[in-house]
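Here's the structure, in C-alpha coordinates; my notes come after.
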Number of protein chains: 2
Amino acid sequence: MDELAQSDPSPAAETRWALARAATLCEQRGTRLTDLRKRVLEIIWSSPVPLGAYAILDVLRDDGRQGAPPTVYRALDFLLEQGLIHRLATLNVFTGCRRPDSFHGGQFLICRDCGQVDELNNPTVEALLRAEAASRRFDALSQMIEVLGRCPECRREAESHAR
Amino acid sequence: MDELAQSDPSPAAETRWALARAATLCEQRGTRLTDLRKRVLEIIWSSPVPLGAYAILDVLRDDGRQGAPPTVYRALDFLLEQGLIHRLATLNVFTGCRRPDSFHGGQFLICRDCGQVDELNNPTVEALLRAEAASRRFDALSQMIEVLGRCPECRREAESHAR
DNA sequence: TCCGTTATGTTATAAAGTAACAATTGCTAT
DNA sequence: ATAGCAATTGTTACTTTATAACATAACGGA
Ligand SMILES: [Zn+2]
Ligand SMILES: [Zn+2]
Ligand SMILES: [Zn+2]
Ligand SMILES: [Zn+2]
(Lines give C-alpha, C1' and ligand atoms only; values in the text may rest on other atoms or scores of the structure.)
(Ligands and ions follow the chains in the order given, each with its own letter.)
Protein backbone atom coordinates (compact mmCIF):
# COMPACT_ATOMS: atom_id res chain seq x y z
CA MET A 1 0.00 0.00 0.00
CA ASP A 2 0.96 3.62 -0.43
CA GLU A 3 2.75 2.59 -3.56
CA LEU A 4 1.48 5.71 -5.27
CA ALA A 5 3.39 7.85 -2.84
CA GLN A 6 6.61 6.35 -4.08
CA SER A 7 6.15 5.93 -7.81
CA ASP A 8 5.36 8.62 -10.36
CA PRO A 9 1.71 8.24 -11.27
CA SER A 10 -0.44 10.52 -13.36
CA PRO A 11 -1.69 13.67 -11.71
CA ALA A 12 -5.23 12.31 -11.69
CA ALA A 13 -4.19 9.08 -10.01
CA GLU A 14 -2.15 11.02 -7.50
CA THR A 15 -5.16 13.16 -6.69
CA ARG A 16 -7.36 10.09 -6.23
CA TRP A 17 -4.80 8.54 -3.93
CA ALA A 18 -4.52 11.73 -1.86
CA LEU A 19 -8.29 12.03 -1.46
CA ALA A 20 -8.69 8.40 -0.50
CA ARG A 21 -5.82 8.61 1.97
CA ALA A 22 -7.28 11.77 3.48
CA ALA A 23 -10.67 10.15 3.90
CA THR A 24 -9.16 7.17 5.68
CA LEU A 25 -7.02 9.29 7.97
CA CYS A 26 -9.86 11.59 8.96
CA GLU A 27 -12.07 8.58 9.59
CA GLN A 28 -9.43 7.06 11.86
CA ARG A 29 -8.96 10.34 13.69
CA GLY A 30 -12.65 11.09 14.06
CA THR A 31 -12.33 14.36 12.16
CA ARG A 32 -14.71 15.39 9.42
CA LEU A 33 -13.49 15.65 5.85
CA THR A 34 -16.53 17.57 4.62
CA ASP A 35 -17.40 18.18 0.98
CA LEU A 36 -15.87 21.62 1.06
CA ARG A 37 -12.64 20.43 2.66
CA LYS A 38 -12.41 17.50 0.29
CA ARG A 39 -12.97 19.77 -2.69
CA VAL A 40 -10.27 22.19 -1.56
CA LEU A 41 -7.87 19.30 -1.15
CA GLU A 42 -8.79 18.08 -4.61
CA ILE A 43 -8.21 21.52 -6.11
CA ILE A 44 -4.79 21.67 -4.51
CA TRP A 45 -3.80 18.22 -5.75
CA SER A 46 -5.18 18.83 -9.22
CA SER A 47 -2.91 21.80 -9.80
CA PRO A 48 0.58 21.26 -11.22
CA VAL A 49 1.84 24.12 -9.07
CA PRO A 50 0.93 25.15 -5.52
CA LEU A 51 -2.01 27.53 -5.34
CA GLY A 52 -2.70 30.57 -3.21
CA ALA A 53 -5.89 30.87 -1.17
CA TYR A 54 -7.53 33.22 -3.65
CA ALA A 55 -6.72 31.01 -6.61
CA ILE A 56 -8.46 28.18 -4.79
CA LEU A 57 -11.39 30.47 -4.11
CA ASP A 58 -11.65 31.25 -7.81
CA VAL A 59 -11.95 27.55 -8.60
CA LEU A 60 -14.62 27.10 -5.93
CA ARG A 61 -16.59 29.92 -7.49
CA ASP A 62 -16.19 28.35 -10.92
CA ASP A 63 -17.77 25.28 -9.31
CA GLY A 64 -20.82 27.44 -8.70
CA ARG A 65 -20.26 27.24 -4.97
CA GLN A 66 -20.68 30.43 -2.99
CA GLY A 67 -17.74 31.52 -0.95
CA ALA A 68 -15.59 34.23 0.50
CA PRO A 69 -12.00 34.23 1.78
CA PRO A 70 -12.89 32.75 5.19
CA THR A 71 -14.46 29.78 3.43
CA VAL A 72 -11.13 28.86 1.92
CA TYR A 73 -8.94 29.79 4.84
CA ARG A 74 -10.98 27.68 7.24
CA ALA A 75 -10.75 24.67 4.97
CA LEU A 76 -7.01 25.26 4.59
CA ASP A 77 -6.60 25.52 8.36
CA PHE A 78 -8.29 22.16 8.76
CA LEU A 79 -6.14 20.51 6.11
CA LEU A 80 -3.01 22.00 7.66
CA GLU A 81 -3.99 20.75 11.10
CA GLN A 82 -4.54 17.29 9.70
CA GLY A 83 -1.18 17.36 8.00
CA LEU A 84 -2.81 16.86 4.61
CA ILE A 85 -1.25 19.95 3.10
CA HIS A 86 1.73 22.22 3.70
CA ARG A 87 1.95 25.96 3.43
CA LEU A 88 4.96 27.41 1.62
CA ALA A 89 5.48 30.60 3.54
CA THR A 90 7.87 32.20 1.08
CA LEU A 91 5.20 32.12 -1.65
CA ASN A 92 1.96 32.14 0.34
CA VAL A 93 0.78 28.99 -1.41
CA PHE A 94 -0.42 25.56 -0.40
CA THR A 95 0.64 22.14 -1.61
CA GLY A 96 -0.51 18.59 -0.90
CA CYS A 97 1.55 16.44 1.42
CA ARG A 98 2.81 13.11 0.06
CA ARG A 99 3.22 11.48 3.47
CA PRO A 100 0.20 12.62 5.44
CA ASP A 101 0.32 9.58 7.72
CA SER A 102 3.04 11.03 9.89
CA PHE A 103 3.17 14.66 10.90
CA HIS A 104 6.44 16.18 9.85
CA GLY A 105 8.17 19.41 9.00
CA GLY A 106 8.06 20.48 5.39
CA GLN A 107 11.19 20.19 3.27
CA PHE A 108 10.76 21.68 -0.18
CA LEU A 109 12.60 22.46 -3.35
CA ILE A 110 10.72 25.33 -4.95
CA CYS A 111 11.34 26.41 -8.51
CA ARG A 112 11.60 30.16 -8.71
CA ASP A 113 10.68 30.10 -12.41
CA CYS A 114 7.80 27.66 -12.89
CA GLY A 115 6.59 27.34 -9.31
CA GLN A 116 6.77 23.56 -9.19
CA VAL A 117 7.74 22.04 -5.85
CA ASP A 118 9.37 18.81 -4.78
CA GLU A 119 8.84 17.57 -1.23
CA LEU A 120 11.94 16.09 0.35
CA ASN A 121 12.08 13.68 3.22
CA ASN A 122 15.46 13.88 4.86
CA PRO A 123 15.29 12.52 8.41
CA THR A 124 18.92 13.43 9.04
CA VAL A 125 18.25 17.10 8.46
CA GLU A 126 15.17 16.96 10.65
CA ALA A 127 17.11 15.23 13.42
CA LEU A 128 20.01 17.67 13.19
CA LEU A 129 17.67 20.60 13.54
CA ARG A 130 15.87 18.97 16.45
CA ALA A 131 19.23 18.40 18.11
CA GLU A 132 20.29 22.01 17.53
CA ALA A 133 17.06 23.18 19.09
CA ALA A 134 17.35 20.83 22.03
CA SER A 135 20.93 21.91 22.71
CA ARG A 136 19.59 25.42 23.16
CA ARG A 137 16.74 24.25 25.37
CA PHE A 138 14.36 25.29 22.61
CA ASP A 139 11.13 23.32 22.38
CA ALA A 140 10.74 22.72 18.65
CA LEU A 141 7.16 22.26 17.48
CA SER A 142 7.51 22.43 13.72
CA GLN A 143 10.13 22.83 11.02
CA MET A 144 9.86 24.47 7.66
CA ILE A 145 12.60 24.19 5.05
CA GLU A 146 12.26 25.98 1.73
CA VAL A 147 15.03 25.76 -0.83
CA LEU A 148 14.47 28.18 -3.69
CA GLY A 149 16.13 27.68 -7.01
CA ARG A 150 15.59 26.26 -10.44
CA CYS A 151 14.14 22.89 -11.34
CA PRO A 152 15.86 20.69 -13.96
CA GLU A 153 13.40 21.68 -16.70
CA CYS A 154 13.69 25.41 -16.17
CA ARG A 155 17.42 25.02 -15.81
CA ARG A 156 17.68 23.37 -19.22
CA GLU A 157 15.36 25.98 -20.64
CA ALA A 158 17.50 28.81 -19.30
CA GLU A 159 20.73 27.26 -20.52
CA SER A 160 19.40 26.76 -24.03
CA HIS A 161 18.28 30.40 -24.19
CA ALA A 162 21.65 31.59 -22.94
CA ARG A 163 23.40 30.51 -26.13
CA MET B 1 37.57 41.31 15.42
CA ASP B 2 33.99 40.21 15.19
CA GLU B 3 34.14 39.19 18.80
CA LEU B 4 30.73 40.73 19.34
CA ALA B 5 29.19 38.28 16.92
CA GLN B 6 30.24 35.45 19.18
CA SER B 7 29.79 36.72 22.72
CA ASP B 8 26.58 38.02 24.28
CA PRO B 9 26.88 41.80 24.40
CA SER B 10 24.23 44.32 25.34
CA PRO B 11 21.61 45.08 22.70
CA ALA B 12 23.06 48.55 22.23
CA ALA B 13 26.57 47.21 21.67
CA GLU B 14 25.22 44.62 19.29
CA THR B 15 23.46 47.33 17.32
CA ARG B 16 26.61 49.44 17.17
CA TRP B 17 28.60 46.45 15.95
CA ALA B 18 26.00 45.64 13.27
CA LEU B 19 25.93 49.21 11.98
CA ALA B 20 29.71 49.46 11.87
CA ARG B 21 30.00 46.11 10.14
CA ALA B 22 27.35 47.12 7.60
CA ALA B 23 29.15 50.37 6.86
CA THR B 24 32.42 48.57 6.25
CA LEU B 25 30.86 45.92 4.05
CA CYS B 26 28.97 48.43 1.92
CA GLU B 27 32.11 50.50 1.59
CA GLN B 28 34.04 47.46 0.40
CA ARG B 29 31.28 46.53 -2.03
CA GLY B 30 30.78 50.02 -3.39
CA THR B 31 27.13 50.08 -2.32
CA ARG B 32 25.56 52.98 -0.50
CA LEU B 33 24.37 52.57 3.06
CA THR B 34 22.33 55.76 3.07
CA ASP B 35 20.88 57.43 6.16
CA LEU B 36 17.51 55.82 5.56
CA ARG B 37 18.93 52.35 5.08
CA LYS B 38 21.20 52.72 8.08
CA ARG B 39 18.30 53.89 10.21
CA VAL B 40 16.12 50.95 9.14
CA LEU B 41 18.95 48.58 10.00
CA GLU B 42 19.32 50.30 13.35
CA ILE B 43 15.61 49.97 14.06
CA ILE B 44 15.74 46.28 13.28
CA TRP B 45 18.74 45.67 15.51
CA SER B 46 17.36 47.79 18.33
CA SER B 47 14.26 45.66 18.66
CA PRO B 48 14.30 42.59 20.91
CA VAL B 49 12.00 40.81 18.45
CA PRO B 50 11.92 40.88 14.65
CA LEU B 51 9.75 43.65 13.25
CA GLY B 52 7.33 43.76 10.34
CA ALA B 53 7.65 46.41 7.64
CA TYR B 54 4.81 48.49 9.03
CA ALA B 55 6.23 48.44 12.55
CA ILE B 56 9.48 49.77 11.12
CA LEU B 57 7.52 52.42 9.26
CA ASP B 58 5.87 53.51 12.50
CA VAL B 59 9.28 54.06 14.08
CA LEU B 60 10.44 56.07 11.08
CA ARG B 61 7.38 58.27 11.44
CA ASP B 62 8.09 58.70 15.14
CA ASP B 63 11.50 59.95 14.02
CA GLY B 64 9.65 62.74 12.25
CA ARG B 65 10.69 61.35 8.90
CA GLN B 66 8.06 61.21 6.19
CA GLY B 67 7.42 57.86 4.62
CA ALA B 68 5.08 55.36 3.10
CA PRO B 69 5.30 51.58 2.65
CA PRO B 70 7.60 51.76 -0.39
CA THR B 71 10.11 53.75 1.64
CA VAL B 72 10.53 50.85 4.03
CA TYR B 73 10.29 48.04 1.53
CA ARG B 74 12.99 49.54 -0.65
CA ALA B 75 15.33 49.88 2.27
CA LEU B 76 14.55 46.31 3.31
CA ASP B 77 15.21 45.08 -0.23
CA PHE B 78 18.61 46.69 -0.15
CA LEU B 79 19.49 45.23 3.24
CA LEU B 80 18.32 41.79 2.10
CA GLU B 81 20.40 42.01 -1.07
CA GLN B 82 23.43 42.94 0.98
CA GLY B 83 22.81 40.02 3.33
CA LEU B 84 22.54 42.40 6.29
CA ILE B 85 19.12 41.15 7.32
CA HIS B 86 16.95 38.06 6.85
CA ARG B 87 13.25 37.83 6.24
CA LEU B 88 11.29 35.29 8.28
CA ALA B 89 8.61 34.26 5.83
CA THR B 90 6.41 32.46 8.33
CA LEU B 91 5.92 35.68 10.30
CA ASN B 92 6.50 38.39 7.69
CA VAL B 93 9.19 39.99 9.81
CA PHE B 94 12.80 41.01 9.42
CA THR B 95 15.79 40.34 11.64
CA GLY B 96 19.42 41.35 11.59
CA CYS B 97 22.01 38.87 10.38
CA ARG B 98 24.86 38.03 12.76
CA ARG B 99 27.24 36.88 10.06
CA PRO B 100 26.72 39.37 7.21
CA ASP B 101 30.22 38.78 5.85
CA SER B 102 29.24 35.61 4.06
CA PHE B 103 25.95 35.17 2.24
CA HIS B 104 24.10 32.18 3.60
CA GLY B 105 20.71 30.63 4.00
CA GLY B 106 18.78 31.51 7.12
CA GLN B 107 18.45 28.99 9.91
CA PHE B 108 16.20 30.17 12.72
CA LEU B 109 14.61 29.10 15.95
CA ILE B 110 11.51 31.25 16.33
CA CYS B 111 9.57 31.45 19.57
CA ARG B 112 5.87 31.17 18.90
CA ASP B 113 5.08 32.91 22.20
CA CYS B 114 7.43 35.88 22.57
CA GLY B 115 8.67 36.22 19.00
CA GLN B 116 12.35 36.08 19.84
CA VAL B 117 14.59 34.41 17.29
CA ASP B 118 17.93 32.66 17.42
CA GLU B 119 19.99 32.37 14.26
CA LEU B 120 21.69 29.01 13.82
CA ASN B 121 24.72 28.26 11.72
CA ASN B 122 24.79 24.58 10.91
CA PRO B 123 26.95 23.94 7.85
CA THR B 124 26.08 20.25 7.90
CA VAL B 125 22.41 20.96 7.40
CA GLU B 126 23.16 23.44 4.67
CA ALA B 127 25.43 20.93 2.92
CA LEU B 128 22.90 18.12 3.22
CA LEU B 129 20.21 20.24 1.64
CA ARG B 130 22.54 21.33 -1.13
CA ALA B 131 23.36 17.68 -1.77
CA GLU B 132 19.66 16.73 -1.82
CA ALA B 133 19.01 19.46 -4.33
CA ALA B 134 21.98 18.51 -6.48
CA SER B 135 20.96 14.84 -6.54
CA ARG B 136 17.68 15.95 -8.09
CA ARG B 137 19.43 18.22 -10.56
CA PHE B 138 17.88 21.17 -8.80
CA ASP B 139 19.86 24.41 -8.91
CA ALA B 140 19.58 25.70 -5.33
CA LEU B 141 19.87 29.46 -4.96
CA SER B 142 18.85 30.02 -1.37
CA GLN B 143 17.75 28.13 1.70
CA MET B 144 15.38 29.16 4.45
CA ILE B 145 14.93 27.11 7.59
CA GLU B 146 12.44 28.19 10.23
CA VAL B 147 11.92 26.10 13.34
CA LEU B 148 8.91 27.26 15.30
CA GLY B 149 8.54 26.41 18.94
CA ARG B 150 9.10 27.78 22.41
CA CYS B 151 12.21 29.47 23.72
CA PRO B 152 13.63 28.44 27.12
CA GLU B 153 12.10 31.44 28.90
CA CYS B 154 8.60 30.96 27.55
CA ARG B 155 8.93 27.25 28.18
CA ARG B 156 9.68 27.84 31.85
CA GLU B 157 6.88 30.37 31.98
CA ALA B 158 4.39 27.90 30.52
CA GLU B 159 5.48 25.08 32.81
CA SER B 160 5.13 27.22 35.92
CA HIS B 161 1.62 28.23 34.90
CA ALA B 162 0.68 24.63 34.22
CA ARG B 163 0.91 23.73 37.89
C1' DT C 1 -37.05 15.77 17.93
C1' DC C 2 -34.57 18.77 20.78
C1' DC C 3 -30.21 20.80 21.80
C1' DG C 4 -25.46 21.79 21.78
C1' DT C 5 -21.56 21.63 18.73
C1' DT C 6 -19.36 22.13 14.55
C1' DA C 7 -19.20 23.93 10.01
C1' DT C 8 -20.32 27.30 6.57
C1' DG C 9 -22.19 31.84 4.75
C1' DT C 10 -21.61 36.81 4.77
C1' DT C 11 -19.98 41.42 5.50
C1' DA C 12 -16.49 44.21 6.59
C1' DT C 13 -11.83 45.28 7.61
C1' DA C 14 -6.95 44.60 8.75
C1' DA C 15 -2.29 43.57 7.31
C1' DA C 16 1.27 43.01 3.85
C1' DG C 17 3.23 44.24 -0.41
C1' DT C 18 3.73 46.65 -5.09
C1' DA C 19 3.10 49.75 -9.38
C1' DA C 20 3.80 54.09 -11.30
C1' DC C 21 5.39 58.47 -11.48
C1' DA C 22 7.37 62.82 -9.35
C1' DA C 23 10.95 65.09 -6.82
C1' DT C 24 15.33 64.98 -4.99
C1' DT C 25 20.03 63.82 -4.24
C1' DG C 26 24.69 62.52 -5.48
C1' DC C 27 28.13 61.82 -8.82
C1' DT C 28 30.62 62.71 -13.14
C1' DA C 29 32.25 65.04 -17.08
C1' DT C 30 32.78 68.86 -19.24
C1' DA D 1 30.74 75.70 -11.33
C1' DT D 2 27.24 73.31 -13.74
C1' DA D 3 24.80 70.49 -16.86
C1' DG D 4 23.40 65.91 -17.23
C1' DC D 5 22.69 61.24 -15.75
C1' DA D 6 21.74 57.64 -12.43
C1' DA D 7 20.34 56.27 -8.00
C1' DT D 8 17.52 57.25 -4.13
C1' DT D 9 13.53 58.87 -1.89
C1' DG D 10 8.71 60.89 -1.78
C1' DT D 11 3.90 60.24 -2.91
C1' DT D 12 -0.47 58.35 -4.43
C1' DA D 13 -3.04 54.69 -5.37
C1' DC D 14 -3.81 50.04 -5.54
C1' DT D 15 -3.37 44.75 -5.23
C1' DT D 16 -2.90 40.70 -2.64
C1' DT D 17 -3.24 38.13 1.57
C1' DA D 18 -5.54 37.21 5.82
C1' DT D 19 -8.80 37.74 9.77
C1' DA D 20 -12.72 39.49 12.91
C1' DA D 21 -17.40 39.20 13.93
C1' DC D 22 -21.71 37.62 13.58
C1' DA D 23 -25.58 35.00 11.10
C1' DT D 24 -27.18 30.69 9.27
C1' DA D 25 -27.11 25.89 8.46
C1' DA D 26 -25.82 21.11 9.15
C1' DC D 27 -24.60 17.33 12.12
C1' DG D 28 -24.84 14.09 15.94
C1' DG D 29 -25.98 12.51 20.46
C1' DA D 30 -29.55 12.48 24.18
ZN1 LIG E 1 4.59 16.48 3.84
ZN1 LIG F 1 10.87 25.16 -12.94
ZN1 LIG G 1 22.47 35.34 8.74
ZN1 LIG H 1 9.74 32.93 23.91
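Mapping B:P69 and B:T34 onto DNA chain D via the closest heavy atom, the residue that lands nearer the 5' end is B:T34. Remark on DNA chain D: of its neighbouring residues B:T31 and B:Q66, the 5'-side contact belongs to B:T31, judged by nearest-heavy-atom nucleotide.
Spacing between atom CG of A:L33 and atom C1' of D:dC27 amounts to 15 Å, rounded to whole angstrom units. Distance A:R61 CZ to C:dG9 C1': 12 Å, rounded to the nearest Å. Atom CG of B:L91 and atom C1' of C:dA16 are 13 Å apart (whole Å). In this entry the distance linking CG of B:D35 with C1' of D:dA7 reads 15 Å, nearest Å. Regarding A:L57, its CG atom lies at a distance of 12 Å from the C1' atom of C:dG9, rounded to whole Å. At whole-Å resolution of the value, NZ in B:K38 and P in D:dT8 are 15 Å apart. Rounded to an integer number of Å, the gap from A:L80 CG to D:dT17 P is 16 Å. The CG-C1' distance, from B:L36 to D:dG10, rounds to 11 Å in whole Å.
A donor-acceptor contact under 3.5 angstrom links the side-chain atoms of B:R74 to the base of D:dG10. Residue-to-nucleotide contacts include a donor-acceptor pair under 3.5 Å from the side chain of A:Y54 to the base of D:dA18.
Here the closest non-hydrogen pair linking B:C111 and B:C114 is SG-N, 3.4 Å. Contact between A:A53 and A:L76 at its shortest, heavy atoms only, is CB-CD1, 3.9 Å.
A:T71 comes within 4.0 angstrom of a base, heavy atoms only. As judged by a 4.0 angstrom heavy-atom cut-off over every strand, A:R65 is placed among residues making no nucleic acid contact.
Direction of the helix axis in the helix from C:dT1-D:dA30 to C:dT30-D:dA1 shifts by 30° between the two five-pair termini, rounded to 10°.
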Worked verdict on B:I145 versus B:L129 for side-chain contact (heavy atoms from CB on, under 4.5 Å) | CA-CA 11 Å; B:I145 298 176; B:L129 288 174; 3.8 Å; yes

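Residue A:R87 has no polar side-chain atom (N or O) positioned under 4.0 Å from OP1 or OP2 of D:dT17. Between B:N92 and C:dA15 there is no side-chain N or O to OP1 or OP2 distance below 4.0 Å.
When distances run from any side-chain atom of B:R37 to the nucleotides C:dG17, D:dT9, D:dA18, the shortest one goes to D:dT9. Each of D:dT8, C:dG17, C:dA7 was ranked by its minimum atom distance to the side chain of A:R32; first place goes to C:dA7. Looking at the side chain of B:Y73, the nearest of the listed nucleotides C:dT18, C:dA20, D:dC22 is C:dT18.
Looking at B:K38 and B:E42, no side-chain N of the basic residue comes within less than 4.0 Å of a carboxylate O on the acidic one, giving no salt bridge. Using a cutoff of 4.0 Å between basic side-chain nitrogens and carboxylate oxygens, B:D113 and B:R155 are not scored as salt-bridged.
A:Q107 and A:N122 are not linked by any side-chain donor-acceptor pair at a separation below 3.5 angstrom, with hydrogens and angles left out of the test. For the residue pair B:H86/B:E119, the side-chain donor-acceptor check at 3.5 Å is satisfied.
Of the residues A:T95, A:L120, A:T90, the one that meets the side-chain contact (heavy atoms from CB on, under 4.5 Å) test with A:F108 is A:T95.
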